[in-house]
Every structure is written in structure tokens, then in C-alpha cells.
Amino acid sequence: MKKFIALFVMVFSFASFAKETVSFTYFGNEGGRQSYYACDYVEGQTEYYLELFGATDIEVYCHGGIQPWGSVQPVSINAKFNLPVIAGNSVESVKVQGDTWNPACGVNVRIVQSLLKKFTNVEVVKKSDSCAFHNSNYSYQFNIAR
């Protein structure tokens with residue numbers, strides 16, 4: 001019986017430290033146009049939103065995208081991270097939006113939508129994330145519990 005309890009405690013303690021994962025592929029269909037992105041950009045944006053939402057111990061891997069030798073493919077992301085530990089009842093209001101000159105609406109909206117499924121501490125207060133045209137922009141107003 002003692003061995004069973006010890007085994008149960010070990011399994012439970014390892015399971016409590018398991019990282020969350022999010023994976024997605026972005027095919028770049030924005031407003032009737034095909035858009036491709038470099039992995040560096042998509043990794044950076046994914047890390048930005050993970051940090052903004054409070055994730056820790058972040059690992060982001062990418063493949064596909066725009067390659068230096070001229071090949072282009074849809075970009076695929078695999079992110080591993082720890083969810084935030086909410087220490088109190090503090091809420092931070094944060095607004096994010098695309099760059100006017102290069103909004104990259106579709107890929108940023110895809111990143112946010114993919115990540116929001118994991119973060120119960122993030123509330124979308126207001127959003128504009130319809131990427132119907134090639135120059136569409138996006139914006140989000142978040143309340144983030146800290």
C-alpha cells in the first residue's frame with residue numbers, strides 16, 4: 001500500500017508541472033490574398049502574447065513560412081508554457097492593435113484566438129478582429145487578472 005501511495009504522489013506531482021501546449025498552422029488567407037510570414041515574426045508575436053497573458057517558461061517553435069532560399073509555406077507554431085499563477089485580485093486593462101502600415105491582421109488574430117482558449121485569466125472586453133481585406137487592422141481590449 002505504501003508503494004502505491006508513493007507512486008500516486010510521484011505521478012500527481014509530475015502531472016502538476018506539465019506544460020500547456022498550443023499548436024496551429026496559419027495558411028495566410030487574408031481578404032482574398034495569400035499572405036506569408038517569416039517564422040521569426042510569428043514566433044515573436046506568439047511569445048509577446050504569451051508574456052502579455054502571464055505565461056512563464058515559454059518555448060515557441062516554428063516551421064514553414066518564408067525561407068531564405070525563396071520557398072514559402074504556411075507557418076506552423078508549437079508553443080509550450082506554464083499558465084500564470086494568479087496571486088491576487090489585481091486586473092490590468094491592456095489594449096493591443098496592429099501596425100497601421102503592416103497590420104498582419106490574420107496571423108495576429110489567429111495567434112490570439114489560439115492562445116485565449118488556455119488563459120482563463122484573460123477577458124476580451126472589446127475587439128475588432130475581422131480581417132476581411134488585405135489592409136484590415138485588428139485591436140483587442142483585454143482585462144488580465146494578475
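Note that the structure is a prediction, hence the values are computed from the model and not measured. These values consider heavy atoms only, across backbone and side chains, with no hydrogens, waters or symmetry-generated copies.
The side-chain hydrogen bond (donor to acceptor under 3.5 Å, both in side chains) analysis of residues 46-56, with sequence neighbours excluded, yields the pairs Y49-Y138. Sorted by first and then second residue, the ring pair (Phe, Tyr, Trp, His ring centres under 6.0 Å) pairs with a member in residues 67-98 read F81-F119; sequence neighbours excluded.
The shortest non-hydrogen separation linking P103 to T100 is CD-O, 4.0 Å. Taking all atoms of both residues into account, the shortest heavy-atom contact from C105 to S130 is SG-O, 4.2 Å. Contact record, S114 with F24: OG-CD2, 3.6 Å, taken as the closest heavy-atom pair.
Under the ring pair (Phe, Tyr, Trp, His ring centres under 6.0 Å) criterion, F142 pairs with F53, Y140, not counting sequence neighbours. Under the rule for a side-chain hydrogen bond (donor to acceptor under 3.5 Å, both in side chains), the partners of Q141 that lie at least two apart in sequence or sit in another chain are S93. For C62, the side-chain contact (heavy atoms from CB on, under 4.5 Å) partners are C39, E43, V75, I77, not counting sequence neighbours. With sequence neighbours excluded, the residues forming a side-chain hydrogen bond (donor to acceptor under 3.5 Å, both in side chains) with T25 are S76, listed by chain and number. With sequence neighbours excluded, the residues that form a salt bridge (Lys or Arg N to Asp or Glu O under 4.0 Å) with K118 are E20. Taking N78 as the reference, S23, K80 meet the side-chain contact (heavy atoms from CB on, under 4.5 Å) condition, with sequence neighbours excluded. Residues meeting the salt bridge (Lys or Arg N to Asp or Glu O under 4.0 Å) test with R146, sequence neighbours left out: E92. Applying the salt bridge (Lys or Arg N to Asp or Glu O under 4.0 Å) rule to E59 yields the partners K19; only residues at least two apart in sequence or on another chain are considered.
Other cluster members for Y36: I66, V72, joined by side-chain heavy-atom distances under 4.5 Å among Ile, Leu, Val, Met, Phe, Trp and Tyr. Through side-chain heavy atoms spaced under 4.5 Å, either directly or across other Ile, Leu, Val, Met, Phe, Trp or Tyr residues, V125 is tied to no other residue.
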request  = Apply side-chain hydrogen bond (donor to acceptor under 3.5 Å, both in side chains) to N108 and Y41, showing your working.
outcome  = CA-CA 10 Å; N108 279 282; Y41 175 76; 3.0 Å; yes

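Under the 4.5 Å side-chain contact rule for hydrophobic residues, L83 and V91 do not share a cluster. Hydrophobic clustering places L116 together with I58 (ILVMFWY residues linked when any side-chain heavy atoms are closer than 4.5 Å, directly or through intermediates).
Note: I144 CD1 to N121 CG = 7.0 Å, rounded to the nearest 0.5 Å. Once rounded to the nearest 0.5 Å, the distance linking CG of L52 with CD of Q45 reads 11.0 Å. Note that CG of N135 is 11.0 Å distant from CG of N102, once rounded to the nearest 0.5 Å.
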